[in-house]
2 protein chains.
Amino acid sequence: MTNPSQRSTSLKGIPIPDEKPVVPSSRRKGHGRVTLRDVAIHAGVTTMTVSRYLRSSAKIAPETALKVAAALQTTGYTPNMQAGSLASGRSRIVAVIVPNMSHSIFADTLHGLGQSLQAAGLQMLVASSDYSLQQEEQQIRAVLGWAPAALVLTGRHHRAGVDALLQQARASGTPVMEMWDWNAQAAPDAMQVGFDHRRAGELMAQTLVQRGYQDFVFIDSSVREDFRAHERGMGFQNTLFALGQRSELIVAPEGDAVQAGQVVFSEWFAKQAAPIHCGIAFANDMLAVGAWKAAQMQCVACPDQLGLLGFGDFPLARHWGGGLSTLRIDGERIGRECAQLIQAHLRDELSAEVRQVNVMPELVYRAT
Amino acid sequence: MTNPSQRSTSLKGIPIPDEKPVVPSSRRKGHGRVTLRDVAIHAGVTTMTVSRYLRSSAKIAPETALKVAAALQTTGYTPNMQAGSLASGRSRIVAVIVPNMSHSIFADTLHGLGQSLQAAGLQMLVASSDYSLQQEEQQIRAVLGWAPAALVLTGRHHRAGVDALLQQARASGTPVMEMWDWNAQAAPDAMQVGFDHRRAGELMAQTLVQRGYQDFVFIDSSVREDFRAHERGMGFQNTLFALGQRSELIVAPEGDAVQAGQVVFSEWFAKQAAPIHCGIAFANDMLAVGAWKAAQMQCVACPDQLGLLGFGDFPLARHWGGGLSTLRIDGERIGRECAQLIQAHLRDELSAEVRQVNVMPELVYRAT
DNA sequence: ATGAAAGCGCTAACAT
DNA sequence: ATGTTAGCGCTTTCAT
């Protein structure tokens, strides 16, 4: 567009005498992409001017801006983020580690996080720990190499060595957030967006007690390192024991959760004496749905003889005929709140009070 | 551990005469993190040796390796990926763009992709287009800045300007894959992992015809840029027209899909004459479940008067009492296959024949 | 308002 | 098997 010259050194019309070979025959060639330098040459300015223009650091003459804009257009420049991040020491990447990306609660969380981060011009590097603290540590190490603008973890339980890693990350300016969990005892500078799973278990117990059941069972997840589910189970048990009630904790078999729920319920039911009047809470809605299926097959009257209480309010539970009672947590909101905290941190507006967001579970009372 | 010296220049025991200030008082300080140089100084070697050790480029003396390992340990080094990528022109990041991260099919896909990529030491940068080609373009531009090892898109429909972008990406060595779609007319070097949505619509139509229904309806998604759903609808309609059958295409109202299914079915049903015998196919399972709910409320006998056929085999549809007939696509497999293609490409083992993977939908015949 | 120089932390290429 | 040198493409810092 605007008289593209071939070499920036000849811009003033004074060709440089070729004392040394014009092309230094660099031993290393670029990777073929258009660079800032290419744009600068086209625009007849230096790379700094283009760089300033791109980051709108003001102080660009309108005339120059036009030339740069044209050069940007004709060259089709794409900024090299690695170079930019390396030079500035900042990156627009937020690293997120979840136990699983296909479970609807985490999918919702990623959705909320992603949408909010994108709106703020941040990108999301996602890894899954597969509910293994060992894999979590590995993934933390891997993502930390990108010097992310923030690190978002799921839960507050990590492997021994990880604490030092996180401390190091915080020290070098990378905020670390723990989501889907919440602990009153946490350090005041800790960043948490979630809820107390023991209290959630307590709430489940109280709900079933209020509905007048006599016996209680908690069906726990078979996933060894799903600590949050186990904590809900403990909260459930402790609450009932404190009330002088009997409560049993059964770990579901491994494999497909709905099927596991069916199996574990059938086995449990076979051992019961005739008239039952029992409240059963589950580590998640999948298990609960399975149990409900089994109960229907055994012709157990649901709200009367049996009170089922799921966890998560998965779409399956929500739309299931009649509806399963459950504890609803807004996973998308957890994601959004994390993104808010991160943005506040990047703007340096993070007051101590808002570093912890308590996302309360909501009891959804339905047919069961 | 091994006699850490303070400056690499004094390693040979010969202190450099301070002609110029010892510390050049660099105008730029590092970002506080441990660098390769720190490790090298601790180990008493150069950065290259440490770099080689880390990438196990063989040719390291066992003795040296021990020193380096110790230095790595004591310093707690984390590699700076931006620097590494910039220098090598390679990155271990794969960029993925999906329409939505919370829909179970895409959540499954991300899960499959993530697991396979992680196993290969690749990381995943995820963005969502929110079913908007405009946002898709924006996200493509954003992720391309990281010079990803591969770019994975959803669908083969993109905005006008995007083709040039993708061509440019391919030219600079970034393979571009399109998933969840498949087109026989695609260029032979195109990389696709998915299926032909018109044929899927055809399959849906044939299924309902075989079951003996007389009238046919396709309930399409209200999402304007869900091109794949629309293509299924077109395949459905065209097949029926070719068979000389009547078929109606109705676009569901916006909002929650289950509710939309209920509404659209109720409205349609109100207009029908008494004895109906109709096959209805849906753009997705959510709509189908909503319709089924409405049908139950209206007491329409399901397999007899009404044949409902969903799409996706979402958990909701799978476990729904009795079960909804649907077309099942293995989203996780799509993700895994993409990861396989990417790895093959990185190993330079990509033969022309395997660049396109056709993931066939499977008809799941259930109660409806 | 723009430019020149230096260097972010690492690796490719060329010694030795 | 290890070291030296010269960048990768950008931004910081300082000068004009």
Side-chain angles (χ1 to χ4, degrees), chain A residues 8-9 11-12 23-41 43-68 75 77-92 145-147 172, chain B residues 8-9 11-12 23-41 43-68 75 77-92 145-147 172:
Chain A
S8 61
T9 40
L11 276 178
K12 289 162 189 163
V23 177
S25 169
S26 145
R27 339 200 242 180
R28 203 127 155 219
K29 68 280 172 201
H31 308 292
R33 304 217 287 148
V34 178
T35 71
L36 252 200
R37 193 164 170 281
D38 299 324
V39 180
I41 293 175
V45 294
T46 56
T47 58
M48 271 317 300
T49 306
V50 182
S51 175
R52 288 195 184 103
Y53 173 88
L54 287 171
R55 289 172 300 141
S56 62
S57 299
K59 307 210 169 185
I60 297 284
E63 199 185 335
T64 315
L66 281 174
K67 288 194 296 184
V68 173
T75 54
Y77 173 69
T78 304
N80 181 326
M81 304 306 269
Q82 351 255 11
S85 298
L86 179 59
S88 69
R90 277 184 290 274
S91 101
R92 304 290 291 167
W146 291 100
S172 58
Chain B
S8 63
T9 40
L11 276 177
K12 289 162 189 164
V23 177
S25 168
S26 146
R27 341 199 242 184
R28 205 132 155 215
K29 68 280 168 201
H31 307 293
R33 304 216 289 147
V34 178
T35 71
L36 253 200
R37 193 163 170 279
D38 298 324
V39 180
I41 294 176
V45 295
T46 57
T47 58
M48 271 316 298
T49 306
V50 182
S51 175
R52 286 194 185 104
Y53 173 87
L54 286 171
R55 289 172 302 141
S56 63
S57 299
K59 309 208 170 187
I60 297 285
E63 198 183 337
T64 315
L66 282 175
K67 288 193 295 182
V68 173
T75 54
Y77 174 70
T78 305
N80 181 326
M81 305 306 269
Q82 351 256 10
S85 299
L86 180 59
S88 69
R90 277 185 290 274
S91 101
R92 304 291 290 168
W146 291 101
S172 58

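For clarity, every value in this text was computed on a predicted model and none was experimentally measured.
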A:Arg90 CZ - D:dT11 P separation (whole Å): 10 Å
Among C:dC10, C:dT2, C:dT11, the one nearest B:Ser51 by side-chain distance: C:dT11
Whole angstrom value for the distance that separates C1' of D:dC8 from CZ of A:Arg37: 13 Å
Sugar-phosphate, base or nothing in reach of A:Ser85, heavy atoms under 4.0 Å: nothing
Presence of A:Arg33 side-chain N/O under 4.0 Å of D:dG9 phosphate oxygens OP1/OP2: no
B:Leu36 CG - D:dT4 P separation (whole Å): 15 Å
Minimum-distance nucleotide to B:Thr35 side chain [options: C:dA1, D:dT12, C:dC10]: C:dC10
Nearest-Å distance for atom pair CZ/C1', residues A:Arg52 and C:dT2: 6 Å
Nearest-angstrom distance from the residue atom CD of B:Gln82 to P of C:dC10: 11 Å
Minimal non-hydrogen separation, B:Gln82 against A:Trp146, with atom names: NE2-O, 2.6 Å
Touch class at under 4.0 angstrom, heavy-atom based, for B:Gly84 against every strand present: sugar-phosphate
Position toward the 5' end of DNA chain C (nearest nucleotide), B:Met48 or B:Ala83: B:Ala83
Short side-chain N/O contact to D:dT11 OP1/OP2 from A:Tyr53, under 4.0 Å: no
Beyond-backbone contact of A:Leu36 with A:Leu54, side-chain heavy atoms, under 4.5 angstrom: yes
Atom-pair distance (CG on B:Asn80; P on D:dT11), nearest Å: 16 Å
Side-chain N,O (B:Thr46) to OP1/OP2 (D:dG3) below 4.0 Å: yes
C:dG3 OP1/OP2 closer than 4.0 Å to side-chain N/O of A:Thr49: yes
Side chain of B:Ala87 (C-beta onward), nearest among D:dT2, C:dC8, D:dG7: D:dG7
From A:Arg92 atom CZ to A:Met81 atom CE, the distance as rounded to the nearest 0.5 Å: 8.0 Å
Gap between atoms NZ and C1', on A:Lys67 and C:dA1 respectively (whole Å): 12 Å
Close side-chain approach of A:Thr35 and A:Asn80, heavy atoms under 4.5 Å: no
Test item: B:Thr75 side-chain N/O and B:Val39 main-chain N/O as donor-acceptor pair under 3.5 Å: no
Whole-Å distance separating the CG atom of B:Leu86 from the C1' atom of C:dC10: 8 Å
